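Heads up: the structure comes next, in structure tokens.
Here the structure is a predicted model, which means the values were calculated and not measured.
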Amino acid sequence: MTRLFLLPLLLCLLWSVFLYFRRIPLAEGKQGYVYILSGSGILIALLSLLLWLTH
């Protein structure tokens, strides 16, 4: 479960690499970071809730 908190970091790193290779400024890719962080936050919250409910 602890490794799930590395998911947003890994996805943001991959997004940064993608933007770098496509030569897209970080300001233009900001929305991607928002999607990554919000989606990962929702996923982690749901999985934590499920773990709490079944424990």
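- If you chain together ILVMFWY residues whose side-chain heavy atoms come under 4.5 Å of each other, Leu46 ends up grouped with Ile42.
- Partners of Leu10 according to the side-chain contact (heavy atoms from CB on, under 4.5 Å) rule, which considers only residues two or more places apart in sequence or in another chain, are Leu14.
- Partners of Tyr35 by side-chain hydrogen bond (donor to acceptor under 3.5 Å, both in side chains), not counting sequence neighbours: none found.
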Can you list, pair by pair, the side-chain donor-acceptor contacts under 3.5 Å of residues 19-30, counting residues two or more places apart and other chains?
none

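- Qualifying side-chain contact (heavy atoms from CB on, under 4.5 Å) partners for Leu7, counting only residues two or more places apart in sequence or in other chains: Leu11, Ser40, Leu43.
- Applying the side-chain hydrogen bond (donor to acceptor under 3.5 Å, both in side chains) test to Ser38 and every residue at least two apart in sequence or in another chain returns nothing.
- Contact detail for Pro8 and Ile36: the closest heavy-atom pair is O-CG2, 4.1 Å.
- With rounding to the nearest 0.5 angstrom, the CG atom of Leu9 is 8.5 Å from the CG atom of Leu37.
- Checked against ring pair (Phe, Tyr, Trp, His ring centres under 6.0 Å), Phe18 has the following partners two or more places apart in sequence or in another chain: Trp15.
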